[in-house]
Structure formats: structure tokens, C-alpha cells
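Below is one structure; the comments refer to it alone.
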Amino acid sequence: MGKISDKNTRTLITIPKELKTKLEEIAKNQNRSFNNLVITILKDYTSSPK
């Protein structure tokens, strides 16, 4: 794997296979990477008022 920037960190999560498949399909339909989709979802969730 390539070097990541100082602003980022790697993490390992465990998710259901079915969820990963659905997210991969969404990412493909949006012409983006799985990683980019997950980051976007997490940013949106954490910036929404609770």
C-alpha cells in the first residue's frame, strides 16, 4: 500500500458482507471509490445536527 498523508489515518472496521456489497454498488453507480463513499457518508453524518 502507498503512504498516506499526515492528515489521514488507516483504520480497520468489520461490517456485514451484505452492507459492503451495497456500498460498493452505490460507489460504482456514483463513479467513486468505496473509500471515498464511506468517508463522504461519515462526514455527512458527523456534520449533521443531532
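What you see is a predicted model; the values in this text were computed from it and never measured.
- One finds the CG atom of D44 at 8.0 Å from the OG1 atom of T46 (value rounded to the nearest 0.5 Å).
- By the rule that hydrophobic residues join a cluster once side-chain heavy atoms approach within less than 4.5 Å of another member, L12 and I15 end up as members of separate clusters.
- In the hydrophobic clustering of this structure, F34 groups with I13; members are Ile, Leu, Val, Met, Phe, Trp, Tyr whose side-chain heavy atoms approach within less than 4.5 Å, directly or through other members.
- Other residues, nucleotides and ligands contribute only 12 or fewer heavy atoms inside 6.0 Å of the CG atom of N31.
- In this structure Q30 satisfies the side chain to side chain contact (heavy atoms under 4.5 Å, CB included) test together with I26, R32, L37, sequence neighbours excluded.
- Scanning all heavy atoms of the two residues, the minimum distance from V38 to L23 falls at CG2-CD1, 4.4 Å.
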Take E24 and K28, measure what salt bridge (charged side-chain N to carboxylate O under 4.0 Å, His left out) needs, and give me the verdict at the end. CA-CA 6 Å; E24 288 171 331; K28 183 178 179 182; over 6 Å; no

